[in-house]
Protein chains: 2
Amino acid sequence: MDQLRALRYFSKVVETGSFTRAAEAFSVPPSSLSRRIADLEKSLGANLLKRSTRVVQVTEIGQVYYRQVQGILFQLEQSDETVRSYQANPTGQLRISSLAGFGERLLLPLLNEFKVLYPDIILDVNLSDELSTLGSDDVDVAIRGGYAPNEWVQAVRLMNNEFIPVAAPEYLKKMGTPKNAFELRQHKGLYFRTPAGPNPWLCEIEGEWHDVSAPAVAVSNSSKWLGEQAVAGLGIMMAPRWSLADYLDSGELEQLFFDPALSVSQNPDMAIYLLYQKQRYLVPKVKAVVDFLVARIKNV
Amino acid sequence: MDQLRALRYFSKVVETGSFTRAAEAFSVPPSSLSRRIADLEKSLGANLLKRSTRVVQVTEIGQVYYRQVQGILFQLEQSDETVRSYQANPTGQLRISSLAGFGERLLLPLLNEFKVLYPDIILDVNLSDELSTLGSDDVDVAIRGGYAPNEWVQAVRLMNNEFIPVAAPEYLKKMGTPKNAFELRQHKGLYFRTPAGPNPWLCEIEGEWHDVSAPAVAVSNSSKWLGEQAVAGLGIMMAPRWSLADYLDSGELEQLFFDPALSVSQNPDMAIYLLYQKQRYLVPKVKAVVDFLVARIKNV
DNA sequence: TACATTATTGTCTAAACGACAATAATGTAC
DNA sequence: GTACATTATTGTCGTTTAGACAATAATGTA
């Protein structure tokens, strides 16, 4: 029995909820699926599906099996791709996920260059601050703040992600420049909302962490819009240094200095990481984009 | 093409280094393996093996593929077993790995009861302090000190693993009973060697950790032998409380008290954990032993 | 250089899978 | 409550694919 074929049939039936629709996907008659899945059930000694002529239900054990089989089929596909693309030119679809702000400002311009170097790679870029589940599916490389989630994932530190406090000169003229961290609480705050909630303003004084956040006048997950609010003099904002270069150069925003410095997390190792599955580095398209991004971003 | 069959053939050839020996394992002629593997290579567009009539070598990409295929075949086997044994009586081989000391003292007596309850389960017990790689292979449940290695593994806290300092009454009469931790450095130490090295004696004073280990007179990975050395009055030993019950009851060894207390690790969460793969709890034999051990050890 | 061992190839047979038609079952609409 | 349309299953046949066995070619060793 070709179990792999049976597993693919079974998976598709679970997904479509129908033998006929699943059969269309494989361009074979439904009778083939019926036979193969029946064989599979016989060899496992359990019913995976509860059939009637109108609906197909997945049994409890069928659902368990389906979830595990999904992972197995996915892994096999990836392994096959690794071998197939071995010592070939970088080709195919490459799915990249990135932090939204970083993506807009730094990644997309770089990818335009990348596209010229590797015209056979079809890019699929997803900008979002949500954590994509690297490894289980859907993404070849991801750019994230934070740290490696597990041992299968390689994390390359691309650059610092130091958050610095800034405000418009007019705002500081009007409200005064805060001399120490605790004065911030008398100011107005513009906050970046991460999936984990708005970023607080933290300060470590004598080994103890203090939240010195000012009352919020605006919270958003759009760093572009927040920047405009800050330029308009609505309040103080903490944002990654790399996202503020234009504003600081033009003088539209000024950096505020505190001693000790402010941060948005107790973790000192905040940085931008490039994540990919170790074993997938053998796939030329993955190797190409990793090498390219590391060379262009890290070594500056 | 039945890729799964081809993968099994390929794996066995890699392992045996020979088409003939691999063919024997499947009771088919070598020509079958030759044809299936050739098909596989053709479909992947890469050479996995470098053949001559005398030796079979695995190519670079073949080794990569082999490692990944290994995991896939193993996972599929486990998933199949989950389904096959679903709603059946606990049967089959059950592989248990345990810390050596804990295994001898507590686990083996319990397993004798377990064998009576589940006569169809064939136990395969491995006592060792080496870390077995749960998940990738070879073990159904493991008992370890420490913490859950990753998200696939369920860790159930079985009992405390507090290390306490003890010595023989004669030793203390001769050498004096240390009044505070730092006096220990003038004593003699018996050390348990873990795979990570001998366990130091640590003490946290005013937020700072101090190593107060005494010079070693003996180091061993045999807790039994170390215990005998301690009884013989050769020095002070730190060992898990559960392993010392007999000695303390009989008065052969006395507990030493310090304020603050001594420990062997900066991690306060030292405990004995029962580890198993989450999804394998569905396999009756695994569920049986997990439920049994948790009930008999945890709820005391 | 001869030999034994080993992988491959050719040919036949058996098993497995797909195609197509016919049948049985069931949810829905009236 | 009944008729109908949709859908999964089953029977039969043809095609594809894998295994058995013998013959061949290749290669490391003695």
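Below, chain A is the first sequence line, B the second, and so on; all start at residue 1.
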Participant: Measure the distance from CG on A:Leu4 to P on C:dC17 and round it to the nearest whole Å.
Facilitator: 12 Å
Participant: Show me the pairs that pass side chain to side chain donor-acceptor pair (under 3.5 Å) and involve residues 66-76 of chain A, at least two apart or across chains.
Facilitator: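 Only A:Ser11-A:Gln70, A:Glu15-A:Tyr66, A:Gln68-B:Ser79, A:Gln75-B:Gln75 qualify under side chain to side chain donor-acceptor pair (under 3.5 Å).
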Participant: Mind calculating the distance between CD1 (A:Ile37) and C1' (C:dC17) to the nearest angstrom?
Facilitator: 14 Å
Participant: What are the atom names and distances for every N/O pair under 3.5 Å that joins the protein to nucleotides 13-15 of chain C?
Facilitator:
none

Participant: Can you name the side-chain contact (heavy atoms from CB on, under 4.5 Å) partners of A:Gln93, sequence neighbours left out?
Facilitator: A:Arg95, A:Asp124
Participant: Please state how far atom CD in A:Gln3 lies from atom P in C:dC17, giving the value in whole angstrom units.
Facilitator: 11 Å
Participant: Can you check whether B:Val14 reaches B:Phe10 side chain to side chain, under 4.5 Å on heavy atoms?
Facilitator: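 Yes. Closest side-chain heavy atoms under 4.5 Å.
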Participant: By a strict heavy-atom criterion of less than 4.0 Å, which residues belonging to residues 42-67 of chain B are in contact with DNA chain C?
Facilitator: B:Arg51, B:Ser52, B:Thr53, B:Arg54, B:Val56
Participant: Tell me: CZ of B:Arg8 to C1' of D:dA18, nearest whole Å?
Facilitator: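 In whole Å, D:dA18 C1' lies 15 Å from B:Arg8 CZ.
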Participant: Do B:Asp140 and B:Val283 have side chains that get closer than 4.5 Å, going by heavy atoms?
Facilitator: no
Participant: Extract from the structure each pairing of a protein N or O with an N or O of nucleotides 18-20 of chain C at less than 3.5 Å, listing the distance.
Facilitator:
{"residue": "C:dG18", "atom": "OP1", "partner": "A:Arg5", "partner atom": "NH1", "Å": "2.9"}
{"residue": "C:dG18", "atom": "OP1", "partner": "A:Tyr9", "partner atom": "OH", "Å": "2.7"}
{"residue": "C:dA19", "atom": "OP2", "partner": "A:Pro29", "partner atom": "N", "Å": "3.4"}
{"residue": "C:dC20", "atom": "N4", "partner": "A:Ser31", "partner atom": "OG", "Å": "2.9"}

Participant: Verify the distance criterion only: is there a donor paired with an acceptor across the side chains of A:Ser220 and A:Ser222 at less than 3.5 Å?
Facilitator: no
Participant: With sequence neighbours left out, write down each residue that passes side-chain contact (heavy atoms from CB on, under 4.5 Å) with B:Thr53, or none if nothing qualifies.
Facilitator: none
Participant: Quick one: do B:Lys285 and B:Glu81 make a salt bridge, cutoff under 4.0 Å?
Facilitator: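 Looking at B:Lys285 and B:Glu81, the cut-off is met.
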Participant: Quiz question: by atom type and distance under 3.5 Å, do the side chains of A:Tyr281 and A:Asp291 form a donor-acceptor pair?
Facilitator: yes
Participant: Contact list please: residues 12-22 of chain A against DNA chain C, heavy atoms, distance less than 4.0 Å, in numerical order.
Facilitator: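 Those residues whose heavy atoms fall under 4.0 Å from DNA chain C, taken from residues 12-22 of chain A, amount to none.
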Participant: Run the ring-ring contact (aromatic ring centres under 6.0 Å, His included) test against A:Tyr118 and tell me which residues pass, sequence neighbours left out.
Facilitator: A:Phe114
Participant: Suppose we screen for side-chain contact (heavy atoms from CB on, under 4.5 Å). Which residues come up paired with B:Arg84, at least two apart in sequence or across chains?
Facilitator: A:Ser43, A:Leu44, B:Asp80
Participant: Do B:Leu99 and B:Arg144 have side-chain heavy atoms sitting under 4.5 Å apart?
Facilitator: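 Result yes, sub-4.5 Å side-chain heavy-atom pair found.
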Participant: For the helix from C:dT1-D:dA30 to C:dC30-D:dG1, measure the angle between the helix axis at one end and the axis at the other, each built from five pairs, rounding to 10°.
Facilitator: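 The helix from C:dT1-D:dA30 to C:dC30-D:dG1 shows an end-to-end axis angle of 40°.
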Participant: Hey, are the side chains of A:Leu127 and A:Leu108 touching, using non-hydrogen atoms and a 4.5 Å cut-off?
Facilitator: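 Yes, side chains in contact.
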Participant: With sequence neighbours left out, what residues match B:Phe102 under ring-ring contact (aromatic ring centres under 6.0 Å, His included)?
Facilitator: B:Trp242
Participant: Are any non-hydrogen side-chain atoms of B:Leu49 and B:Val58 less than 4.5 angstrom apart?
Facilitator: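 Sidechains of B:Val58 and B:Leu49: in contact.
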Participant: Donor-acceptor pairs under 3.5 Å, side chain of residues 25-40 of chain B to any protein atom, not counting sequence neighbours: which ones?
Facilitator:
{"residue": "B:Arg36", "atom": "NH1", "partner": "B:Asp39", "partner atom": "OD2", "Å": "2.5"}

Participant: Could you tell me how far apart B:Met1 (CE) and C:dC17 (P) are, to the nearest whole angstrom?
Facilitator: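 Whole-Å distance recorded here is 14 Å.
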